[in-house]
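Okay, structure first, notes after.
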Amino acid sequence: MFAIGDFARHGRVSVRMLRHYDAIGLLRPAHVDPHSGYRFYSADQLALLNRVIALKDLGFTLDQVGSILRDEIGAEELRGMLRMRQAELEAALEAARARLAQVGARLHAIESEGRMSTQDVVVKKVPAVRIAELSGVAASYGPEDITPVIGPLYEELCGRLEAAGVTGFGPAVAYYEDAGEGDGSVRVHAATTVPEGTVAEGVEVHVLPGIEEAATIVHRGSMDEILPTVQALASWIDTNGYRSAGYARELYLECPEDPAGWVSEIQEPIVRA
């Protein structure tokens, strides 16, 4: 038998919590000294305590926890519930990380206002290239919607090309177009340049038309931090008598394992305003 303090330490909970569980009938002590009123718990009650805490972490109220425990939920069922909750929390954490990155990008853009150089903008003709691609639809052009779509597309594309024995492909090119649904959704094309004669199952191979006149700028670093570069390009286009003629392409020139070392060229089609 354990005194309440010892049981609390072994269960990694507070004495106050155990007293509350006792008061509401959720976890009664195994024995209460009739003279001192001291509470004592047995080691096998740790299993019940674990279930209470696990169900609380799943989001159940204490009343609901009591009902579930009275139904004698099995260990396997509880494990399944915990795994599902774990997956939900991991997804929420990943979404929070993505939102944090976008907040950082917006903050960087604000801090860069008026200081981002546009001297490196080059107007040039972009030649046509032979590409292999996979495409998907993102809910919007925002990075929070584009990133979860384009990443898996590239992973699958590279896997299919390698499985087909295609070598010498690259660099990668991403381009975009309205999905045509009228809801702001965007068709994302994840592509890479390939040699003539390339064939791979489930992969579309074609010639991507060139751009007659494009304003281009080089971005160094993660694509999560591209906003200041893109907005500097937009500023240059506006102040030099041009207007945008469509979505910008992204040409990934260098893509080391650390995204901080990436080098990309943004190519935006333009016409005279």
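Remember, it's a predicted structure, so these values are computed and weren't measured experimentally. Every heavy atom of this structure was used, including side-chain atoms; hydrogens, water molecules and symmetry mates were not.
Residues V188 and L153 approach most closely at O-CD1, 3.9 Å, considering heavy atoms. Minimum interatomic distance between S140 and I146 (heavy atoms only, all atoms of both residues): O-CD1, 3.5 Å. Considering every non-hydrogen atom in both V65 and K56, the closest pair reads CG2-N, 4.2 Å. In plain terms, the two heavy atoms of L251 and P171 that are nearest each other are CD1-CG, 3.8 Å. For the pair L161 and A132, the tightest heavy-atom approach, listed with the atom from each and the gap, is CD2-CB, 4.1 Å. Heavy atoms only, all atoms of each residue included: A30 and S42 are closest at CB-N, 3.9 Å.
The backbone N or O of I4 lies less than 3.5 Å from no partner atom in the side chain of Y38, so there is not a single donor-acceptor pair. A donor-acceptor contact shorter than 3.5 Å is absent between the side chain of R243 and the backbone of I270. N240 places a side-chain N or O within 3.5 Å of a backbone atom of W236 that can act as its donor or acceptor partner. With hydrogens and angles disregarded, no donor-acceptor distance shorter than 3.5 Å links the side chain of R39 to the backbone of P29. In this structure, the side chain of Q231 does not engage the main chain of P228 through any donor-acceptor pair within 3.5 Å. Panel note: side chain T193, backbone G170; a donor-acceptor pair is recorded below 3.5 Å. Between the side chain of Q45 and the main chain of R28, a donor-acceptor pair closer than 3.5 Å is present.
Partner of I217 under the side chain to side chain contact (heavy atoms under 4.5 Å, CB included) criterion, out of V230, T229, V122: T229 alone.
The ring of F2 has its center closer than 6.0 angstrom to the ring center of H10. Here Y175 and Y247 keep their ring centres 6.0 angstrom or further from each other.
Here the straight-line distance linking atom CG of L27 with atom NE2 of H20 works out to 12.0 Å at 0.5 Å rounding. Atom CG of L62 sits about 11.0 Å away from atom OG of S67, to the nearest 0.5 Å. Annotation: the span from I150 atom CD1 to D145 atom CG amounts to 13.0 Å, rounded to 0.5 Å. Remark: S135 OG to E204 CD distance equals 7.0 Å, nearest 0.5 Å. One finds the CG atom of L48 at 10.0 Å from the CD1 atom of I53 (value rounded to the nearest 0.5 Å). Taking CG of D33 as the start and NE2 of H31 as the end, the distance is 5.0 Å to the nearest 0.5 Å.
Under the 4.5 Å side-chain heavy-atom criterion for grouping Ile, Leu, Val, Met, Phe, Trp and Tyr, I131 is not connected to I211 through any hydrophobic cluster. Cluster membership for L253 and V129, using ILVMFWY side-chain heavy atoms within less than 4.5 angstrom, is shared. At a threshold of 4.5 Å between side-chain heavy atoms, the hydrophobic network of Ile, Leu, Val, Met, Phe, Trp and Tyr places V123 and I237 in one connected group. I68 and M84 are assigned to two separate hydrophobic clusters, defined by single-linkage of ILVMFWY side chains at heavy-atom distances under 4.5 Å. There is no path of hydrophobic side-chain contacts, each under 4.5 Å, that joins V173 to W262.
Among residue pairs with one or both ends in residues 173-188, none qualify as salt bridge (charged side-chain N to carboxylate O under 4.0 Å, His left out); sequence neighbours excluded. Applying the salt bridge (charged side-chain N to carboxylate O under 4.0 Å, His left out) rule to pairs touching residues 257-273 yields K124-E265, sequence neighbours excluded.
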*List the steps and the verdict of side chain to side chain contact (heavy atoms under 4.5 Å, CB included) for R249 and Y176.*
CA-CA 7 Å; R249 292 181 188 175; Y176 310 90; over 6 Å; no
*side chain to side chain contact (heavy atoms under 4.5 Å, CB included) between E213 and K125, intermediate numbers included*: CA-CA 5 Å; E213 194 170 26; K125 182 175 182 177; over 6 Å; no
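The number of heavy-atom neighbours closer than 6.0 Å to CE of M1, taken from other residues, nucleotides and ligands shown, is above 12. The local environment of OH in Y141 is crowded, with over 12 non-hydrogen atoms from other residues, nucleotides or ligands closer than 6.0 Å. Summarising the local packing, CZ of R220 is surrounded by 12 or fewer heavy atoms from other residues, nucleotides or ligands at distances under 6.0 Å.
In this model, a donor atom of one side chain and an acceptor atom of the other lie less than 3.5 Å apart for H206 and E133.
Residues S264 and M223 have side chains in contact (heavy-atom distance under 4.5 Å, counting atoms from C-beta outward).
Between F7 and Y41, the angle of the ring planes stays under 30°, which puts this pair in the parallel group of the 30/60° scheme.
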